[in-house]
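We name chains A, B, ... by the order of the sequence lines, and we start the count at 1 in each one. Atoms considered below: every heavy atom in the structure, side chains included; atoms not considered: hydrogens, waters and symmetry mates.
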2 protein chains.
Amino acid sequence: MAMARRGTGRDGRPTLEQVAARAGVGRGTVSRVINGSPRVSDRTRTAVEQAIADLGYVPHRAARALAANRSDAIALVVPEAETRLFAEPFFSGILRGVSAELADTDIQLLLTLIRTPKERTRFAQYAASHRVDGVLLVSVHGDDPLPDQLADMGLPVVMTGRRSADEPVPHVDCDNVGGAQLAVEHLLGRGRSRVATITGPADMYVARCRLDGYQEALRAAGREPAVELVGRGDFTEESGHAAMRELVARRPDLDAVFCASDLMAIGARRALRELGRSVPDDVALVGFDDSALARHLDPPLTSVRQPMEGMGRAMTRALLAEISDGGTDRPRLVLPTELVRRSSS
Amino acid sequence: MAMARRGTGRDGRPTLEQVAARAGVGRGTVSRVINGSPRVSDRTRTAVEQAIADLGYVPHRAARALAANRSDAIALVVPEAETRLFAEPFFSGILRGVSAELADTDIQLLLTLIRTPKERTRFAQYAASHRVDGVLLVSVHGDDPLPDQLADMGLPVVMTGRRSADEPVPHVDCDNVGGAQLAVEHLLGRGRSRVATITGPADMYVARCRLDGYQEALRAAGREPAVELVGRGDFTEESGHAAMRELVARRPDLDAVFCASDLMAIGARRALRELGRSVPDDVALVGFDDSALARHLDPPLTSVRQPMEGMGRAMTRALLAEISDGGTDRPRLVLPTELVRRSSS
DNA sequence: ATCACAACTGGGAGCGCTCCCACGCTCCTG
DNA sequence: CAGGAGCGTGGGAGCGCTCCCAGTTGTGAT
């Protein structure tokens, strides 16, 4: 036997039912008002809105999720390493963008830090079981299967960066090639003629792009890129330090270095100091990321800025669009980068 | 009339009902197994577990939340300014700690960046309407009513830092007084005798604590703190720069400065360079936070490290405890700080 | 063998919402 | 003036779970 209708929900908060009673309408009508359906007369709508205000009614998320079969939540998945290495501005910039874009929707942001491959696997299962309506993926590596797994499960996904030139999964990237070109053109424009580079891991597409930009800029200026001017790093400071020493040993006459990350530029700067070369007089230095560190290096580091907050916003918009239209246009966005000139070059 | 039971849930995923059917038991029994109730025989439990594995069953969050009247989610609320100013290591450190502590629970982390006072108000309402089981609050200011609002609504809350010495809301803080003492003792131990400090805003409890530590350390060493050795800052680089210039003008003979944040130490360092004073020979410098910037300053900055990740973990544990036991012991934890010695002192 | 009691188990009821069907009404059309 | 065609509306059914109350079975004491 059905229990008598109570005056409030289990926890004392009003339910749809009470709002309906107070407004003198049916449950369905209140639901329609809340969800912005046009099939409600103005009179009724006003009355319902009044009742909602009077009661301080707020829809119950779980009930709504259960009935409507959606969660009104999206997940932002970040490898834990990101929060250390590129903490500023990469991760927090993305986060601000995502959060800003979500601010006037009713959608929750679920943050998932992934430490291990095992957690990565577990995440796919979790995501599938109706925890989220879509997933934002940050810093995906070249061989990462997660984006495809999620996409195959029919879950909307948007990621930052690409795994390759023909990335099938919707994504938002910044113009790494163009940014590197800007940097190298700048160095050439300052009269430097033996411009070296320190690259990231060859298996990361982003690193290849920055190398491509470096080479293209040189060719555009009528110079053939020299192999011995390319140092290999892995985006860490230590690798930048080592690569810089090798470069100088190989080409003592180099007069500029474009580093594919600020952290590597910091390592390179240390190496140059050890070798008694001044920056920017002997060697001009440019980094990539425009991190907080760049601003505070001695001398302040010229760097390529990625529009992190813009990328966060763009990803989120793309994901929300995919969620609502069922993934018809699979966006691929590339946002412009910008050179921030400081005294290291 | 009830519809015939279907073979799977609406979205093709198995439901409790199917697991029960496959294991040849009732719905209630499967629920008991999933929730770890002891009132299930081993035979049955094994059979159910097998069925769960066979079907790849994962409980439906929303359904569970609705039926059990809990959300299995907690919110981490961060003022947006935090993600800029103290991005590293403060925010990401806390985040890693929280995330680590949550890793082997089934609890989701909801991240809420708060930009404006209006959003702050809105959050209270959201939190109340069964979106979360508890709230983690970061960087609360002295006059912030949000912690009390949430606590008054009966929502478990734990925050980092305190608003005052007798903070009523459960919290996890680091030993700011002790950290400042460490720093000053260290400076005195290196033979410095005219130790100045640059403080944070007087209305922030954390700033007062660091000032107290500075003064106590001096007194413990038998010296009376001098008013003209105290510079006022607001945790920003610019304020550190200005305060440093004033201090030197007031007391040209000072030989050490303890800054209540790394950012202010960076500003101070710049001022000292402009004034032609070397670090550490003329003036020894110590910061607070041990940010990434400290490591890369020239010279590398001695700084007080807060156990950010540990604080994140501690907060989370405290919150989970409060959620499960209904808030009986209202924890107040103070974690130790540590001095990281580098060449600036 | 009988009874009390514990240990398990099944399934009804219900969480608060959305979806959708059916039911008045009003207003045209022919 | 009958027959649609819409509009706006009410409310039943059901989302997948947990809770809890009745069984049902098994055990040991009498």
Presence of donor-acceptor pair under 3.5 Å, side chain of A:Arg10 and base of C:dG14: no
Interatomic distance where CG belongs to A:Leu66 and P belongs to D:dT18 [whole Å]: 12 Å
A:Asn35 and A:Ser37: side chain donor to acceptor below 3.5 Å: no
Pull out every protein N or O sitting under 3.5 Å from an N or O of nucleotides 4-9 of chain C, one pair per line with the distance.
residue, atom, partner, partner atom, Å
C:dT9, OP1, B:Ser41, OG, 3.0
C:dT9, OP1, B:Thr44, OG1, 2.2
C:dT9, OP2, B:Ser41, N, 3.1

Length of the line joining A:Asp106:CG and C:dC17:C1', which is rounded to integer Å: 14 Å
Any donor-acceptor N or O pair under 3.5 Å, side chains B:Thr15, B:Gln18: yes
Residues B:Arg45 and B:Thr29: side-chain donor-acceptor under 3.5 angstrom: no
Donor/acceptor link under 3.5 angstrom from A:Arg13 side chain onto base of C:dG16: no
Angle of first-five versus last-five pair axes in the helix from C:dA1-D:dT30 to C:dG30-D:dC1, to 10 degrees: 50°
Residue met sooner reading DNA chain C from 5', once B:Gly28 and B:Ala63 are mapped to nucleotides: B:Gly28
Sugar-phosphate only, base, or nothing, as touched by A:Arg27 at under 4.0 Å among non-hydrogen atoms: base
Contact under 4.0 Å: B:Asn35 side-chain N or O vs D:dT18 OP1/OP2: yes
Interface with DNA chain C, restricted to residues 46-58 of chain B and to heavy atoms under 4.0 Å: none
Distance-only donor-acceptor check, side chains B:Thr46 and B:Glu49, under 3.5 Å: no
Nearest heavy atoms of B:Ala124 and B:Leu146, plus distance in Å: CB-CD1, 4.1 Å
Name of the residue among B:Thr316, B:Leu95, B:Leu110 meeting side chain to side chain contact (heavy atoms under 4.5 Å, CB included) with B:Leu76: B:Leu95
Check: A:Arg162 and A:Pro147 side chains under 4.5 Å, non-hydrogen atoms: no
Gap between atoms CZ and P, on A:Arg64 and C:dC15 respectively (whole Å): 19 Å
